[in-house]
Structure formats: structure tokens, C-alpha cells
Amino acid sequence: MHSLLTCSSIISSSPPFLLLQSHTPKLTHFPQLNHITPHNSQHLKLTHFLKPHANTKPPLFYFNLHLQLYINAGFMQEARDLFDSMPERTLISWTILMSGYAKHGPSTEALALFKEMLSTGDNHKTRLRPDSYVYAVVLRSCGEMRELGFGKGVHGQVLKKGEAFLDGFLENSLVNMYSSCGQLEDAVLIFDGIEKPGLVAWSSMLSAYVKNGFEKEGLSVFFDMVSKGIKLDAFVFSMVIKVCSNLEELNLGIQVHGLMVKKGFGKGSCLFLDNSLMDFYAKCKDLKGLRKVFDQLHEKDLVSWNTLIMGYVHNFYYFEALRNFRVLMHDICYCDDFTITSILKAISSLHDMGYGRQVHGYIVRTGLASNSYVMCSLLDMYIECIEHESWEQWEKVPLKVYAGLERGEANECIIIASMLKWCSLLSNLDAGKVFHSLANKLAVDSDPYVISALIDMYSKCGVPEAALRVFERVENPGTVTWSALISGLSWNGWFVEALTCFNKMQLNGIEANEFTLTSVILACVALGDLRKGRELHCKILKTCYESNVSIVNMLINLYSELSDHQQALKLCSLVSDAEISWNLLIQASLKANDYEMIHKLLGRIQSCFGYLEPISVCDIFRSCSSPVLLNMGMQAQAYMTKRGLLSHPTSGNGLIQMYSGCGQIAEADLVFESMPEKSSPCWTSIISAKVEHGHPSEALTLFNKMRRRNKLVDSSTLKSILKACSQMGRVDEARSLLMSMEVVYGVKPSEEHYSCVIEAFTRAGMLEELENFINEVVVDKNDTKIWNTLLSSARVIGNMDMAKFALEKLLEIDPNDCFANLMLGKVLVMFGKWKDASKMKTLGPNSSCIEVQNKIFEFVSDQKPSEEVLHKLGEIEREMEELGYVEDRNHLLHDAEEEEYDGASLGHTEMKAIAFGLLSLPHRTPVRVIKSVRMCGTCHHACKFMSTFVDRELVVKDNCTFHHFRDGKCSCRDSW
């Protein structure tokens, strides 16, 4: 029987690629050896040997057999004890133990055993001679330990034995050894020397390229295998799927998946291969493919569940990860440390402290509390969740978790870094110093992650000087350390120093990472340095970070804040719609008054269900605050209602402003009354709306209610109340409020508040008191707001002297003010100063707009309207004359901003827009027009008369106020 046994026939611990061969020898003599498990091997004793006779020693065969049983069960210490007690050892005995060390470790023992074997024997005849399989086992161990020198020595011994000695096992082991040691060129030379490489040789070469990071070259090897008709196995497919996963080549991976199915490896036929497929789909963000592979598995092990859960976590589908974790615990009732660390990351991202505590309980019950990696993940979970929970209740939890950790040397750096992060979160400098001392005591203060955590802690605690001192002690700081310092400097407002450090980092040849670049972009935004930001954008393009979501969103923020929102919009094409920071884009477009772009963005948000903050919902409504955009605003309201985004007071405030800006004061009032929670800005918005639409008494009533509810009164609220007092002629009340607002409400009066009181004095005809007020109370007399208000009031009461005085003051402040020049010219004409009037500048054309069927139509003063509009204007004029209309020409100052018009009195732009609305809109539908300049007195008088017979409301918003024309009256009470 001994003559039939060889090293290869009894040893089942061959390298993985050898086991894939169809001709690999099996334990055909002892099939039961293939089914030995640790459970049934633990009862093996030397006394269990089969003994042919009680007085005879067990033959060597039974020693080797029992040695193999120990190896199969993974009991290396027992195997070594048995080996040392063997009375005689053959090459088979040495090979069995060496194979065990190569399979179970440590590999150093395999090499030491090989040296010991070579030194056995007293002479040349009794010395053992390794065969090709022994050399293959040793080369495998060299590869595992990256022992290139030892491996080359073994290679030299093999070459001395001649080419006949070199078989397939050895060639594949040499390829594997050189590739594992990073010597890819030598591995290629060995492979090229194989006359007819089979599946194992090709597999070794494919593995060599992949292990050394040459994924694309590995794909070329795979394509060669397919073209040459090499029979593919599960190992090859797993390597190729891994390559597709690393390169995120989704389409190629799907093709490989199809080939797998064609070759009979699909639909649960090979579990470890299906798990590799799941990992591929997860990393390529194809969650449908991930789920499909998982659902098709006939048998699911814990690796399958872990891959599924990690896939969802990796792609930010945290709720789906939690749902599958619940199914796992219900169906299988257990999980391992990989499952726990993944699910804790999901919980951290969701800030679900309650669920985290449940997982913590499971960790304690199952004994996973002894696993340092699990406890570090648990610690991070508590730290992340504390930021979003009650400080008083949870702030001591991380310290308790830390106290319960069984700290091992390998994980001290991770634990200390986590605790320093906790100190940063609490801004607890004293605790941070304690952990800094502990890091010094444990000699981990030179670890890059501990150093970066220390820098971050001191920065977040407001001591950037200490962070700099920690950094200066580091020899050859790397990317992580530089990034922590730059981020910390930006955090403390040291933006110039942050940019300086970034320049030094570049000069030292240190590559920036995602966190470095986002911190530097933040510094550029804070400094308003668009040029530096553009330079940084170029560097980002060169370093292949242009598709990084965090960096792209920071660049969007950069261009948005620095008034280049078009460039910000272009960056959106670099990331998917689901990852775009829509809030930044909306704010940038609003800042640039690009309302049309906001409406386009809203369409994209609807298609991708993008995330919106309440302030962005408010901004969207504000972009619709125009009479010509009412339909768009109503569509936005319907969408926000459908998504449940109107429950926040900020969103409701935006909706009030939208309806107010569209001239729909009744709808604005309805929105306000239906709000379950009314914030201070909501009260301010509805009060402002009441004043703007000519309901000052209602505004004062709301103001009294607001004060009774202890809502915060701000500058805008007081401005609206002063304006309401002005409209109602309550001069004393307005003056008293102005004088007491700083004491009572803590609001210092501004030019806008002074202007409201000036308007009140003027409308009441109290000109002497007005002069005293301007001379004694108004602080900044060079503010145009003061004089524009005085001019406006002079227009209302028709006081030419006051208008001339206000216009002269305006031209002193800004001689190029076209409006003031034009107005002064008309006033000078009234005083007979024709020569001076001819020197005044004139305004350009103005326009009016109206919305019909979701399309905006503009009518410009220097353009002739269509024949239909002209015909309608003539029809209206004839009807007005028949009803006794008499044109009022007593509006010199009111007409100052309009173009001169010869012909019918209805020739101004707002009248053209109204005529078009009467032609195009359904009967009794209000006509809403927006005008770019102040509405003239002639048109205002005409619109009041028209409202008596057109059977609908006419709404005109000029640059002063809203005009609601109903039944011959206007909401402005002829004061605008």
C-alpha cells in the first residue's frame, strides 16, 4: 500500500488553483478523509490507531493517516506534537505537515520545516529529496510571506534538477510566487515558457495581473482564454467579476454574467461565485441586479446576507439595509461581526439611536463585545447619533463604551481616534487633552489617524494653535495629516492660512484627497476668491476628482456664492440627479434672479425625487412671486403638497410670499390661517402682504395678535407697521413707534424706517414737522431711500417745490440717475425753465408682461402691438367714451416715467397687456399685469373706469405697489 501513496495522493491542502483542475488527484483510497470536520476530529487520540496486534507498533502508514486527519481538521499544534513523536518520518510525513502550515499558517513554519527536512539524514543516501509537490508547497508559502529571496533560492534548486523535473504544479507555483512578491515580469516570463498552458496556468497569470493592480491587462488575459477556447471555471469567473467590480465596468460585468450562465454557473449553481456577483452589482450601483442574484440563490449563507446588506449600505440605501437585517435575524437568528459593522454604519447615517441601542444589546448577549472592530463601530455609531440627539441624555455613552472595551494593541489607534472625535463633537477640550496624554502613554501618538484626530479635536475646540503644534511635530506628514490641518484652519476662520498650507502641501508633492479639496474650496468661498477657486477647479480636473459628489457640490457652492451660477449649473452634468445639491443651485439662481432656471430645476427635482430643504421650498415659491407666474406657483404648491413639504413653517412662509407677490391676498390669508404652527417670519409676511395690498387696518390688528403671542418682531415687521400707519394717517403713532423701537424691540431704526415716517408726515401735509424730522432725526441724509420717499410723497400730493427739492438731493448723490434727471426736467418745464430742462437725461423703453396659458407675453413701449390688440384698445376706448369717460391729464409727476404717446390715451404698455388679456383669458378671469416702471396717473384713472364694465378684476403691479381695480376703485387709494 505504501508504494501506491504519493505526496499528491494523500494531501488535500493543495493551492486553490490546483484544486480547480479536473485531473487533481483525490483521496480515492480513503474517501472518509475528505469529510473530516473539527467536530469529529477533536475526539481523535493516538489510542484510536488501528493495531493489527496488541504487541506490535503501529505502522508508519497509520501515523501519516492520523497526521492528515489533524491537518484536515485544522489542529496544527496536535499535528506538530504527533509529528515530533513519530519514530520514523518519510517524505510523505514532512509533506503532510508542510502542506498544513501552508494552508492554515503560519507560513514561516512551512519554510522552517523545509529547511529542517533538507538537513535530515546522516549521508547523501539517507537524506530526503523533495519532489515537485514539496517545492510547490514551499513556493506557495514564499508567496504568502513575500519572501522573494527564499523563493528565488527554491527556483534555483528546481532549475538544477533539469527541465524534466519541472511539471505543471511547479510552473504554476512559480508564477504565483513571483506575482505575489510583485515581480510581474518574472511571472510573465515563467508563463511564456510553458509550452501548452492549461486552465491552471492561465488562471495563475490572470490572478497575477489582478493582484498587482493591472486589472485591464487581466481582462486581456481573460479575453485570450475565451478566444483560445480554454475551459473556464468558477475561479476564473470570480477573478474577472472582481476586475469588473474594481473598474466599475457594469456593462462588461453583465456580459461576463451572461457567459457564466451559458457555461452552467448561473442561478445558484456556485454560491461563492454568486456572492462575488452580488458584490459586483453592489459596487457598480446596480441594486436591481444585486437583488435579482440574491433572490435566485437556492441556498443563502451568511456571506450572501452580508454582501446584500453591505451593498445597500455602500449605496446609501440605509432603510433597505435595516429591512434586510431584520429579515436575516428573523430567518437565521444570528449574524457575525461583518454584519454588525455594516448595520451600525447604516444606523449611524440614519442617526437612529434607538435601533443602535437594540444592536448594542445583541452585541452584549452574543459575546461580540470582545471584538474590538465591532466595539469601535458601536462607538462611532453613538458619536454620530449624539450629534442629532439630546446632549444631556447621551453625551456620556461613548465614554461608557470606551471603558468597557478590551483594548488590544492592534486597535488602540482606532479607539483613541474615535474618542478624540467624540471630544471634538462635544468641544470638550479637557477630555481631549486626557486622550492626548493616553495616546502618548500608549505610544500611538505617531499614528496618522491619531494625529489627524488630535488636530481635528484641537481645531473643533477652538485651539488652532495647538493643532499647528501637533502638526509641526510630525515628520513627513502625509495626506491625512495635511487634510486635517487645512480643514481645522478653515473651521476656525483661518482661511488665508488654510490656502497657504495647501500651497505648501503641493510644493512638498503630497497629493490632496477629497477632504483637503473641499476644505480649500470652502476657504475660497469665504474669501470670495473666484480666481483661486477656478485654479483649484483646474487642479481637480487634473487629479480625476471631477466626478466626486462632495467636491462637485462644493464647486457648485463656490460658483453659486461667487455669482457664476451658470458654471454651477454646468457642473450638474458630472453627477447623477440624485446626488446633486439642489438647494445650492436654487439659492444661486435666486441670487442671480434667474427664476426661469429655478423652474427648470424644479422639473428635474420632480423627475428624480430630489431632496429639498424647507428654505429651498421657500425659495422656489419666492421665484413665483409675480402676477405672471401664478400658475407656476400653484403647480409648485401642488407638488410640495404631494411630497408633504409644506408642513414646515418656512415652507408656509414662502407660500404666503408667493400668493402675496402674485396679487392673491385672499389665498395668502387662507394659507396663513390654515398653518398649524405660525412662526415669526410667517406673521411678518402676512402683515407685509396686508400693507402692500391696501389693508393697513388688518395689518395693525395682526401686529397686535403677533405681540400677544410673544412672536419675535424684527426690522421688516416694524417697517410694514410704520407703512400701515402712514397709509392710515396715524402720524403720531408712527413717530412714537420709531422712537421706541430700539428700546422695546431691540431694532435700531434704518433709512427704510425713517422713510416710512417721512411718507406719513408728507401724506398728512405736515411739511414743517417733516423738515424738522429730516434735520433732527434722520442720521444718514445721503441715502437715496429718504429722498425717493419724499419725491414719491410729493407726487401723491402734487407738491412741485417738494419734488424739485427731493430731485436735486437725489442728483447730488448720483448725478447719473436717469429717473431723477427725467423727473427734474419735467418739473423745470412746469417752472418755465426750458433751457435747463433740455439738458436732462431721458429713460429708455419700458415694458409690461402678462401670462396666458403658461406663456409670458411682453409688450415694450417702443414696439407696435398686433392688430388684434390695437382693435381691442379702440373698442375699449369707444365704450369708455360712450359711458362718459373723461381723460384726466392732471398727472404730470405721475407720468414722468412713461414714454410720450401721441394718439389714444390707452397706448401705454400696461393697457396693451390688459387688452391682450381681455382677448385671451376666459370670461371673469382676473387680468394680472406686471409693469417695469411706475404706473402713470392717466392709465391708473382709465383702469379704475374700465373696472366698472369689464366684469373682472384688473391687477397691475408696478415698481411701487399693487393696484387691484374693482368697481371703479383701486386698492392703493390713489396714493402710489
Side-chain angles (χ1 to χ4, degrees), residues 627-628 660 662-666 689-698 726-729 759 763 792-798 846 848-850 859 861 865 869 872-899 901 903-919 921 923-976:
V628 297
S660 174
C662 292
Q664 300 291 96
I665 185 62
K690 292 291 186 182
V691 173
E692 190 173 9
H693 291 276
H695 304 285
S697 61
E698 295 180 25
S726 171
Q727 290 178 1
M728 298 182 69
E759 183 180 356
R763 289 193 178 196
S792 177
S793 301
R795 295 170 80 169
V796 171
I797 64 175
N846 61 83
S848 294
C849 298
I850 185 172
F859 295 87
S861 57
V869 172
K872 186 64 177 179
L873 285 171
E875 180 184 315
I876 294 170
E877 187 172 5
R878 286 191 297 272
E879 187 169 357
M880 290 170 67
E881 289 175 357
E882 291 173 1
L883 293 173
Y885 173 70
V886 178
E887 184 178 345
D888 185 359
R889 287 287 185 178
N890 190 27
H891 293 288
L892 172 65
L893 291 177
H894 276 298
D895 296 352
E897 293 175 58
E898 261 293 5
E899 74 279 10
Y901 185 78
S905 60
L906 306 182
H908 289 168
T909 57
E910 68 268 41
M911 306 308 293
K912 298 172 187 176
I914 289 172
F916 180 74
L918 293 172
L919 282 170
L921 294 170
H923 182 58
R924 293 188 177 179
T925 301
V927 177
R928 299 181 182 88
V929 174
I930 182 170
K931 184 174 175 65
S932 62
V933 296
R934 182 188 295 259
M935 190 178 190
C936 74
T938 303
C939 291
H940 189 271
H941 183 65
C943 284
K944 286 200 297 182
F945 192 86
M946 286 170 59
S947 67
T948 62
F949 66 85
V950 294
D951 198 21
R952 67 178 82 198
E953 181 185 15
L954 304 178
V955 181
V956 179
K957 184 185 186 306
D958 61 13
N959 63 356
C960 295
T961 188
F962 269 95
H963 302 273
H964 294 264
F965 298 101
R966 294 190 193 93
D967 303 324
K969 297 179 182 179
C970 179
S971 60
C972 74
R973 297 181 176 85
D974 298 337
S975 299
W976 77 102

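All values below come from the heavy atoms of this structure, side chains included, with hydrogens, waters and symmetry mates left out. Quick caveat, the model's predicted, so the values are computed rather than measured.
Contact of the Leu918 side chain with the Ile876 side chain is registered, since non-hydrogen atoms from C-beta on lie closer than 4.5 Å. Put simply, the side chain of Glu879 does not reach to within 4.5 Å of the side chain of Tyr885, judged on heavy atoms. Annotation: side chain of Arg928 is not in contact with side chain of Cys662 (no heavy-atom distance under 4.5 Å). With a 4.5 Å cut-off on side-chain heavy atoms, Gln727 and Arg763 count as touching. A heavy-atom distance below 4.5 Å is found between the side chains of Ile914 and Val956.
A salt bridge between Arg878 and Glu875 is absent, with no side-chain N of the basic residue lying under 4.0 Å from a carboxylate O of the acidic one.
Taking both residues in full, the closest heavy atoms of Glu910 and Cys939 are given as OE2-CB, 3.2 Å, listed atom of the first, atom of the second, then distance. When all heavy atoms of Met911 and Cys943 are compared, the pair lying nearest together is SD-SG, 3.7 Å. Closest approach of His963 to Asp958, counting heavy atoms only: NE2-OD2, 3.0 Å. Nearest heavy atom pair, residue Thr961 against residue Cys972, reads CG2-CB, 4.3 Å. Here the closest heavy-atom approach between residue Gly917 and residue Ile850 is recorded as CA-CD1, 3.5 Å. Closest heavy-atom contact between Arg966 and Ser947: C-OG, 3.7 Å.
In this structure a side-chain-to-backbone donor-acceptor pair under 3.5 Å is missing from Ser660 to Ile665. His693 places no side-chain N or O within donor-acceptor distance of the main-chain N or O of Phe962, the cut-off being under 3.5 Å. Looking at Arg973, its side chain does come within 3.5 Å of a backbone N or O of Gly694 through a donor-acceptor pair. Using a distance-only test at 3.5 Å, with no hydrogens or angles considered, no donor-acceptor pair links the side chain of Asn846 to the main chain of Ser932. Although no hydrogens or angles enter the test, the distance criterion places a donor-acceptor pair under 3.5 Å between the side chain of Arg952 and the main chain of Thr925.
Note that the NZ atom of Lys957 and the NZ atom of Lys931 stand 13.0 Å from one another [nearest 0.5 Å].
Across Leu954, Val927, Leu883, a single residue satisfies side-chain contact (heavy atoms from CB on, under 4.5 Å) together with Met946, and that is Leu954.
At most 12 non-hydrogen atoms from other residues, nucleotides or ligands lie less than 6.0 angstrom from CG of Asp967.
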Legend entry - Criterion side-chain contact (heavy atoms from CB on, under 4.5 Å) on Lys872 and Phe916, from CA distance to verdict: CA-CA 8 Å; Lys872 186 64 177 179; Phe916 180 74; over 6 Å; no
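A perpendicular orientation is assigned to the rings of His940 and Phe965, their planes being inclined by more than 60° (bins at 30° and 60°).
No hydrogens or angles considered: nothing links the side chains of Ser848 and Lys912 as a donor-acceptor pair under 3.5 Å.
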